[in-house]
Amino acid sequence: MSRSGLRWRLPQSLRWRLLLGTLAGLALALVVAGFALSGLFADQAQRQFRSHLQLQLDQLTAAFEVDAAGQPSLGSTLADPRWQQPYGGLYWQVDAPGQQGLLRSRSLWDSLLRLPGDGLPSGQTHQHRLSGPAGQPVLVLERQVIWSAGPTPGPSPVASPAVGARSAGQLPAAAAAPGSWRLIVAQDLRELEAAQQRFDLTLAASLAVLGLALAAAAGAQLALGLAPLRRLQRAVQQVRAGDAQRLEGEFPAELHPLVQDFNGVLLQNEQVVQRARQTAGNLAHAIKTPLAVLANAAEQPRGDLQAFAILVDEQVRSARAQVEWHLARARMGGSGVPGLRSPVAPVLEGLLRVMRKVHAGRELRFDCDLAPDVLAFAGESQDLHEMLGNLLDNACKWAHGRVAVQARAEGRRLLVTVDDDGPGLGAAERERVFERGTRADERQPGSGLGLAIVREVAQLYQGQVRLDASALGGLRASLELPLA
């Protein structure tokens with residue numbers, strides 16, 4: 001299956017993806033835990049079962065005796081009642097070389113425990129799984145006992161290390177008879193298997209209940225964890241329906257950056273729409289007056305064509321200035337877009353080269369103080385060029401012989417100052433020159449829109465521009481903008 005096909009098959013819902021992943025992990029963990037616990041229980045039960053059967057073999061070994069005629073017998077009766085119950089599940093048997101079932105428990109009834117003829121060193125225990133009486137699966141333990149002759153005959157000391165409490169089958173010295181005997185005990189395995197099945201069923205039921213509880217807890221956790229996303233969705237729907245202007249409400253800390261960025265985008269879009277409406281209205285209003293004057297002039301008798309031509313030229317220049325002004329503002333549509341970065345040094349260096357050429361007829365000295373390739377404006381390079389170009393051109397027009405430019409960072413703000421050694425402006429005139437069409441001296445060429453454009457563009461970037469007295473004796477223009 002291709003990777004794209006796999007992605008297509010995955011559920012699109014984040015909730016279902018998380019829930020399915022959680023349930024798959026829980027199911028795997030519970031299955032592994034179930035097998036591990038079942039295996040541990042089975043191992044422990046089998047150890048205990050064999051330990052109990054080993055104890056029965058030790059008791060049989062302790063009770064085993066051989067009389068003076070060399071005939072085996074038990075010196076005491078084994079206590080467990082299952083030895084006496086036919087097919088009771090617990091069996092013992094004594095074999096002699098070449099003869100099986102020489103002695104056996106009543107529980108064997110008419111059956112024998114038929115073991116493979118493996119050689120067995122004295123005292124060592126062997127284990128077998130066989131089909132016992134009535135087809136019962138049984139676990140068998142066997143031990144070889146050597147009955148040696150001597151002053152105090154009895155089982156060889158290595159035959160039953162566990163039987164030290166008594167001297168099994170001690171006979172008078174004259175009655176000692178050597179021999180090799182095979183002592184066998186067996187127990188029905190169905191009880192062990194039934195216990196294992198009961199445990200497995202109980203364990204499976206317990207793990208199933210635990211799994212359901214954990215699945216319910218996972219579902220509740222997902223519902224609680226994803227609830228803020230549903231609130232965020234409702235808030236976005238309210239904004240889309242026009243019932244709210246911003247995303248409002250209590251959100252977790254992880255969603256705060258998303259909410260703030262989204263609200264920032266909404267604010268920028270609102271500013272763009274507002275600026276577009278304002279630009280269209282201003283442009284319509286600005287060219288309405290020249291058009292009205294031209295329309296009235298066209299309706300009047302044309303006695304003086306020269307005066308009519310002068311009137312047309314004035315109104316056309318006025319309308320053109322207004323159109324250029326609003327076009328300049330329209331180019332600022334990209335302001336405030338996140339991620340914009342415009343280095344300051346290349347823009348300033350290019351503008352200074354232009355100013356040297358434009359004002360080549362005057363002996364102007366330009367001083368520039370900035371850190372190259374470090375400072376950057378968080379906005380469009382064209383807008384930075386527009387603002388700095390107007391400020392530099394204004395300073396060059398009024399400077400006697402020196403213009404100083406400095407750019408530096410103050411916190412998260414970019415500050416650019418342009419100083420000149422010209423006549424300067426009074427405090428009352430510094431604010432008035434920012435009005436559109438206002439010029440400090442009508443003798444200087446220009447439309448009176450330069451500083452107004454600088455202020456408008458700076459405000460679009462949440463910046464500002466102000467005029468102060470300069471240390472050079474003229475005017476200082478300070479432009480503050482966001483730093484990238």
Side-chain angles (χ1 to χ4, degrees), residues 1-38 40 200-277 333-341 378-380 411-413 459-463 482-484:
M1 181 183 296
S2 65
R3 184 176 300 177
S4 60
L6 180 60
R7 287 198 300 266
W8 180 81
R9 290 177 178 273
L10 288 176
Q12 298 300 317
S13 171
L14 180 62
R15 177 185 302 174
W16 280 109
R17 288 189 177 191
L18 293 175
L19 185 59
L20 291 178
T22 302
L23 293 180
L26 286 178
L28 179 61
L30 291 177
V31 169
V32 172
F35 278 108
L37 291 176
S38 178
L40 289 175
D200 289 344
L201 290 175
T202 304
L203 178 63
S206 301
L207 292 179
V209 173
L210 178 61
L212 291 176
L214 292 177
Q221 183 180 11
L222 285 177
L224 182 62
L226 296 179
L229 293 181
R230 291 192 294 271
R231 293 201 302 271
L232 180 61
Q233 181 186 15
R234 289 194 294 269
V236 173
Q237 290 174 349
Q238 290 177 351
V239 172
R240 183 177 182 181
D243 298 333
Q245 300 298 321
R246 301 287 184 273
L247 295 182
E248 300 176 352
E250 295 293 331
F251 298 100
E254 292 78 6
L255 293 180
H256 278 167
L258 176 62
V259 173
Q260 292 175 356
D261 291 343
F262 193 84
N263 285 335
V265 171
L266 292 176
L267 178 61
Q268 292 173 4
N269 289 340
E270 182 181 341
Q271 291 175 348
V272 169
V273 173
Q274 182 179 1
R275 185 166 63 248
R277 291 175 178 174
S335 65
V337 176
L340 293 177
R341 179 183 177 87
E380 289 282 358
R412 297 299 303 169
R413 307 294 287 178
Q459 289 177 348
L460 291 175
Y461 286 98
Q462 287 77 48
L483 184 68

Novice: Could you check whether atom CD of Q221 has more than 12 heavy atoms from other residues, nucleotides or ligands sitting under 6.0 Å from it?
Specialist: no

Novice: Just verifying a value: how many Å separate L23 CG and L18 CG, rounded to the nearest 0.5 Å?
Specialist: 10.5 Å

Novice: Quick check against the 3.5 Å criterion: does Y461 have a side-chain atom that pairs as donor or acceptor with the backbone of E380?
Specialist: yes

Novice: Between side-chain atoms of residues 200-216 and protein atoms elsewhere (two or more places apart, or another chain), which donor-acceptor pairs fall under 3.5 Å?
Specialist:
unit_1, atom_1, unit_2, atom_2, d
D200, OD1, S38, OG, 2.8
D200, OD1, Q196, NE2, 3.0
D200, OD2, Q196, NE2, 3.3
T202, OG1, R198, O, 2.9
S206, OG, T202, O, 2.8

Novice: Atom CZ of R17 and atom OG1 of T22: how far apart are they, to the nearest 0.5 Å?
Specialist: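 Answer for the CZ-OG1 pair, R17 versus T22, is 13.5 Å.
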
Novice: Not counting sequence neighbours, which residues clear side-chain hydrogen bond (donor to acceptor under 3.5 Å, both in side chains) with R246? List them please.
Specialist: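 Checked R246 against side-chain hydrogen bond (donor to acceptor under 3.5 Å, both in side chains); matches are E270.
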
Novice: For residues R413 and Q462, report the shortest heavy-atom separation together with the two atoms involved.
Specialist: NH2-O, 2.7 Å

